[in-house]
Amino acid sequence: MADVYESMLSSNVGRSLLSSLNLPVPTQLERHSQAQTSFVTGNVLVGAAPGGRMAESIASTLKASNATVQTPNNGSALAEIQAAGEKAELTLTAVDSSAEAAKFKALIFDATGIETSEQTRELHNFFHPVIRKLNDCARVVVIGLPPESCKSNPRQQIAQRALEGFVRSVAKEIGKKGATCNLVYVAKQAEKAAESALRFFLSPKSAFVDAQVLRVSKAKSVEADFNWSQPLKDKVVLVTGASRGIGEAIAGVMARDGAKVVCLDVPQAQEDLQKVADRLNGGMIAIDITDPAAPGTIADTLQKEYGGVDVVVHNAGVTRDKTLGGMPEKLWDMVIDINLSSEERINEALLEKEVLKEGGRIVCVSSMSGIAGNFGQSNYAVSKAGVIGMVDAYAPILAKKDITINAVAPGFIETQMTAAIPFATREAGRRLNSLKQGGQPVDVAEAIAFYASPASAGVNGNTVRVCGQNLLGA
Ligand code: NAD
């Protein structure tokens, strides 16, 4: 069935009609294009609570953009921000409160200095005067201290945990304009390592990542001459399930970022797989990942033909939906084996043979079903919750080898998989999020590329939802 709602949204008359019926009319999301030279442009307002530790890191990050960086014309931590700006040789201008029309492309607030619940008032002080002055597709980023790192001061731990409620509520209030709000918890001494996260959340690359909480831990930061536009130059990246859908988009974004991409899919998909690999000037492995010989074959191929691998993206996955009472064991086993067990076996082979290089990255694709569960998807939800478990279990182990493991959990993404859902269910899945639309495969790919970057060494053990703040949740 033709997508009636989507076609109405593409005309002005249709949009007005839907709006008058109080139906969701989403803002078209801005996405990254190669023509963009700066991760953020326009007015960016920076504020902080007293005692914050992020001012220098924010200033040096913004120095690399062509944004017009502004500060509130009063505020408790103004002096610290101005000093950090001077140190980074960043031109800061005080916001002109008489300029009624002035709008912001991004609001950044350093909340790391908040130590008590009373001090959460700093959030109100900074955001209240400006939250209605956002451009379409603006970015709001709040930076906090990981609550679990504040155990010696329970009041501070409580106040830092409270930031999550703020970010999730603001995201719901600004989503209609295509704007997002995210929280980055930056550990002590990880301030510089947070640059890749700040760039990602401020940029159009995070278009469909909304109301998320990311943790950055202490790690080596990249050299000053790091190539941010080709972060994966000279890196070898394996992408499973790369012949179509989200996997094809991941392979494309990795190649854009400079990587040699090795595309993997089942032998039946070889023709499409070859086309993707050829287009990206990459390599190809046609194998079923559940084949008992697959882990060994993949490890040997990567070692012999590419000298190892830097990034592994476990994207291949299937659904076989049935309510539990009607589900044959065959469908249970198949989904668990493809979506979870084969990934464990491949990881083990790559790590045991040291094919995954030091400083490597493992990125997994979970799902909203793995977080919230889903009707008729007990098998799929087990596999995708298990993927999150894999990230939790391996992150501390791999950190010792400077390897990171993280996951994305996509919500409703426009692919062949979701196009096959009946119309009414599809529309509900697509619209029930703060951005009132489905995501694109590239949105998942951009989040994966962020994890994969050498600049994201401090980003380990995270599961970030790429779901536009899906309103259905656990
Ligand atoms: P898709 O069906 O279009 O692509 C999946 C790919 O995996 C296919 O090319 C398929 O051939 C490959 N594959 C399946 N079994 C394999 C095996 N045994 N060995 C090797 N390759 C195999 O699906 P998609 O929508 O692009 O999904 C990609 C990933 O994203 C999956 O893990 C899926 O569970 C997850 N996901 C998708 C959505 C969505 O809305 N589309 C939402 C949440 C999670």
Side-chain angles (χ1 to χ4, degrees), residues 208-209 238-253 262-277 284-295 297-298 301 312-321 331 333-346 363-374 377 379-388 390 407-421 425-426 428-433 437-445 447-448 463-468 470 472:
F208 205 59
V209 181
L238 173 73
V239 181
T240 71
S243 74
R244 65 178 204 189
I246 295 173
E248 183 179 0
I250 298 167
V253 168
V262 182
C263 304
L264 182 151
D265 214 303
V266 287
Q268 302 90 296
Q270 185 157 350
E271 207 176 306
D272 287 339
L273 187 65
Q274 184 76 62
K275 281 187 199 148
V276 176
M284 184 185 89
I285 304 177
I287 199 166
D288 184 328
I289 52 172
T290 63
D291 184 330
T297 306
I298 294 167
T301 309
V312 176
V313 184
H314 291 298
N315 162 76
V318 294
T319 49
R320 288 294 182 275
D321 298 355
L331 293 194
D333 290 345
M334 178 189 183
V335 168
I336 304 296
D337 204 24
I338 295 174
N339 294 2
L340 181 59
S341 310
S342 65
E343 297 184 7
E344 294 176 87
R345 294 192 294 266
I346 292 167
V363 189
C364 310
V365 179
S366 177
S367 164
M368 278 298 297
S369 287
I371 294 170
N374 203 7
Q377 289 199 322
N379 52 354
Y380 184 72
V382 164
S383 72
K384 294 298 188 180
V387 163
I388 297 171
M390 190 160 80
V408 289
F412 186 100
I413 305 296
E414 307 284 356
T415 63
Q416 287 183 24
M417 199 193 236
T418 47
I421 300 172
T425 321
R426 185 169 75 236
R430 184 182 269 156
R431 306 287 164 210
L432 285 178
N433 62 62
Q437 57 198 293
Q440 295 295 330
V442 72
D443 299 329
V444 181
I448 289 175
T463 297
V464 158
R465 289 158 48 168
V466 184
C467 68
N470 199 306
L472 308 173

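Order of appearance sets the numbers: ligands from 1, and atoms from 1 within every ligand.
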If we only count N/O pairs under 3.5 Å, is Ile246 in contact with ligand 1?
yes
Nitrogen or oxygen of Arg244 less than 3.5 angstrom from that of ligand 1
yes
Hey, does the side chain of Asp443 reach the backbone of Gln440 with a donor-acceptor pair shorter than 3.5 angstrom?
yes
Main chain of Val335, side chain of Asn379: is a donor-acceptor contact present, judged purely on distance under 3.5 Å?
no
Using a strict 4.0 Å cut-off to heavy atoms of [X], name the atoms of ligand 1 that fall inside it.
X      : result
Ile289 : 17 (C), 18 (N), 19 (N), 20 (C)
Tyr380 : 33 (C), 34 (O), 35 (C), 36 (N), 43 (C), 44 (C)
Ile287 : 19 (N), 20 (C)
Ala316 : 7 (O), 13 (N), 21 (N), 22 (C), 32 (O)
Gly245 : 26 (O)
Gly317 : 5 (C), 7 (O), 31 (C), 32 (O)
Ser366 : 44 (C)

Counting heavy atoms only, name the option from [options] that's nearest to [atom].
atom                    : options                        : result
atom 43 (C) of ligand 1 : Ser243, Ala420, Pro410         : Pro410
atom 30 (O) of ligand 1 : Ile338, Thr290, Val365         : Val365
atom 8 (C) of ligand 1  : Ile250, Asp265, Asp272, Val387 : Asp265
atom 25 (O) of ligand 1 : Thr415, Thr319, Asp291         : Thr415
atom 14 (C) of ligand 1 : Val318, Asn315, Ile285         : Val318
atom 38 (C) of ligand 1 : Pro441, Ser367, Gly411         : Gly411

Let's go through Asn470 and Met368 carefully: what are the C-alpha distance in whole Å and the side-chain angles of both, what is the deciding distance for side-chain contact (heavy atoms from CB on, under 4.5 Å) to 0.1 Å, and is it a yes or a no?
CA-CA 8 Å; Asn470 199 306; Met368 278 298 297; 4.0 Å; yes
Distance from atom 39 (C) of ligand 1 to nearest protein heavy atom, with residue and atom:
Ile413 CB, 3.8 Å
